[in-house]
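Counting from 1, the numbers follow the sequence of the chain as shown.
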Amino acid sequence: MKLLHLLAILAIFFIKTYHARQYFICNPEIMIPWTLFPIKGPLPAPEIRCRYYISPDKFKIPLKYNKNENAYYGAISIGTPPVQMNVQFDTGSSSLWVHSTLCDSPACPKNRTRYYDHNSSETYQKYEKENESSTLWYGSGSVNGIWSRDTISMNGYKVNNQRFLEPTDMSEQISNGAYDGIMGLNYNPERDSFNILSKYCEEQEMHGNGFSFYLTKNESDENGGELWLCGSDKYDYNYQLEGKMKYVNEVKSSTGLSWTIPVEKVSITSGYGDKRYTEIIATNNTALVATGSSFIHGPEEHVTAIKRSIESILSTMQDPRSNLHQLPNITFTMGGEDYVLTAQDYITEYDDADVTIGLSKTNTPSPSEWVLGAVFLRKYYTVFDTYFHRIGFAEI
């Protein structure tokens, strides 16, 4: 009887202290004793511990894959009543814009079904500096417009009074895109666009505003993967325990989080068996990890050298699809780890007599030599850690 009484007291104590224990487990400011988290292996990062204890569904944004553009989109809502928009979540830029009824130039799309109309939104606010205009530049073109404020919703949770751009003009390539806008996840101290995530995570009482991407390898699957907000998901948690997650610290920048990391070297490995040889293409570079980019971009001379090696072998093949194993591997060495792309990774499309190599020269000025887009990210689950200023990779 005494044993049952003791067990009942312990059960009540556990129930009443569960939320307190969860807080200490999740709080990145407090390093709890390992005994409170008795799992083999190193203690995962705070936001990952949070993710494991809290239902992840409300932090998950499904991504759709568009094969024609080799790009990924997810849903947000804007205004009151909310209007759903499919946007690119782009770590290579720092602002939010969505298609607007203000766009009236010849380049603006004429056949879209979704637009933001601030005259129909109860929560729209003029920007403090009324009619201030800006131009946002991307690798595929530019968007020009005026700043506004309104409510942004993700998974039903709102971020109020958020600044974003309403386009009045845009480049033709962007105009023809399947997406309804772009949400930048990079950091710009002069704009508060990045606060979309930080405000969202704070309101959900999550003690970290990092995020992670899983992009599917199955290019015929409409379900293109997932974006996890306010930390990481079960994939990252399992990768941590298995020792698969490797981190690379960001290049220090005066502007804060840049999602740019050092690249010790870029190399290609050709041949097979005992006759394999490696050629170093570049050393001591940097790379922007850009979720809004379709391909891998790099300096023209380096990209040309890599493609020349690939194309020289392709020219001898009658059936490339059946002989991809004969093509070189491309390796990015970052943080002392080798991240290898095989032909199955960097060949993005097959034709009767040709293939598309997911590698191109950088076509806009960039603070980094390389841009690692979807071709790279489909192979590696990627964590953008805002707390420790680093990016984590684990092979999917």
Side-chain angles (χ1 to χ4, degrees), residues 61-121 123-127 131-154 162-186 191 193 196 215 219 222-224 227 290-295 297 348-349 356 360 363-364 371 373-374:
I61 296 182
L63 301 177
K64 291 185 177 181
Y65 177 69
N66 185 297
K67 186 175 182 179
N68 293 332
E69 299 180 355
N70 194 35
Y72 298 81
Y73 316 121
I76 67 169
S77 296
I78 182 168
T80 306
V83 176
Q84 181 173 305
M85 297 282 190
N86 290 326
V87 299
Q88 274 191 318
F89 296 96
D90 179 27
T91 54
S93 61
S94 58
S95 297
L96 168 66
W97 69 267
V98 294
H99 282 293
S100 166
T101 55
L102 296 183
C103 198
D104 58 2
S105 74
C108 294
K110 303 297 187 293
N111 57 350
R112 302 200 68 87
T113 58
R114 286 187 293 269
Y115 287 94
Y116 169 76
D117 181 359
H118 67 229
N119 293 319
S120 300
S121 175
T123 46
Y124 160 75
Q125 296 183 41
K126 292 182 180 179
Y127 185 61
N131 295 327
E132 180 192 6
S133 63
S134 291
T135 300
L136 306 178
W137 296 93
Y138 302 92
S140 55
S142 62
V143 174
N144 180 266
I146 63 171
W147 295 102
S148 297
R149 290 189 180 275
D150 210 328
T151 298
I152 307 296
S153 301
M154 294 181 287
Q162 179 58 47
R163 170 176 164 161
F164 65 99
L165 193 78
E166 291 193 67
T168 55
D169 191 13
M170 61 182 63
S171 300
E172 183 178 354
Q173 188 172 350
I174 290 183
S175 174
N176 294 332
Y179 48 83
D180 302 319
I182 296 176
M183 178 185 285
L185 300 180
N186 207 315
R191 298 174 184 157
S193 298
I196 295 177
L215 304 182
E219 297 183 359
E222 187 184 30
N223 180 14
L227 162 62
T291 56
S293 178
S294 299
F295 287 173
H297 302 273
T348 61
E349 188 175 348
T356 299
S360 66
N363 54 7
T364 56
V371 177

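Rounded to the nearest 0.5 Å, atoms CG (Leu165) and CG (Leu102) are 9.5 Å apart. Between the NE2 atom in His99 and the CG atom in Asp117 there is a gap of 15.0 Å [rounded to 0.5 Å]. The line from CG of Leu96 to CD1 of Ile76 is 5.0 Å long, rounded to the nearest 0.5 Å. The distance from the CE atom of Met183 to the OG atom of Ser95 is 11.0 Å, given to the nearest 0.5 Å. Atom CG in Asn144 sits 8.0 Å away from atom OG in Ser134 (nearest 0.5 Å). Between atom CG of residue Asn70 and atom OH of residue Tyr65 there is a gap of 4.0 Å, rounded to the nearest 0.5 Å.
With sequence neighbours left out, Asp150 forms a salt bridge (charged side-chain N to carboxylate O under 4.0 Å, His left out) with no residue at all.
Between Trp97 and Pro167, the closest heavy-atom pair is CE3-CG, 3.5 Å. Nearest heavy-atom pair, Ser100 versus Tyr115, reported as atom, atom and distance to 0.1 Å: O-CD2, 3.6 Å. Here the closest non-hydrogen pair linking Ile174 and Ser140 is CG1-OG, 3.6 Å. Taking all atoms of both residues into account, the shortest heavy-atom contact from Gly79 to Ser121 is CA-OG, 3.3 Å.
Formation of a donor-acceptor pair under 3.5 Å by the Thr291 side chain with backbone atoms of Phe89 is found in this model. Side-chain N or O atoms of Ser171 include one that pairs as donor or acceptor with a backbone N or O of Ser142 at under 3.5 Å. Remark: the backbone N or O of Met170 is not paired with any side-chain donor or acceptor of Ser175 at under 3.5 angstrom.
Below 30°, between 30° and 60°, or above 60°: for Tyr179 and Tyr73 the angle between ring planes is between 30° and 60°, a tilted geometry. By the 30° and 60° cut-offs, the orientation of the rings of Phe164 relative to Tyr116 is perpendicular.
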Worksheet item: What do the steps show when you test Asp169 against Ser105 for side-chain hydrogen bond (donor to acceptor under 3.5 Å, both in side chains), and what is the final call?
Response: CA-CA 6 Å; Asp169 191 13; Ser105 74; 2.6 Å; yes
Item to complete: Take Thr123 and Thr80 through the side-chain hydrogen bond (donor to acceptor under 3.5 Å, both in side chains) test and state the conclusion after the steps.
Response: CA-CA 6 Å; Thr123 46; Thr80 306; 2.8 Å; yes
Fill in: Glu69/Gln88 under side chain to side chain contact (heavy atoms under 4.5 Å, CB included): CA gap, chis, key distance, verdict
CA-CA 12 Å; Glu69 299 180 355; Gln88 274 191 318; 5.9 Å; no
Item to complete: Quick one: do Ser93 and Asn186 satisfy side-chain hydrogen bond (donor to acceptor under 3.5 Å, both in side chains)? Show the steps, please.
Response: CA-CA 5 Å; Ser93 61; Asn186 207 315; over 6 Å; no
Fill in: side chain to side chain contact (heavy atoms under 4.5 Å, CB included) assessment of Tyr138 paired with Val143
CA-CA 8 Å; Tyr138 302 92; Val143 174; 4.3 Å; yes
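Side-chain contact check for Met85 versus Val83: some heavy-atom pair is nearer than 4.5 Å. A heavy-atom distance below 4.5 Å is found between the side chains of Ile152 and Ile78.
Among the candidates Arg149, Lys126, Glu166, the single residue satisfying the side chain to side chain donor-acceptor pair (under 3.5 Å) test with His118 is Glu166.
For residues 177-186, every residue pair satisfying the salt bridge (charged side-chain N to carboxylate O under 4.0 Å, His left out) rule, not counting sequence neighbours, is listed here: Arg112-Asp180, Arg114-Asp180.
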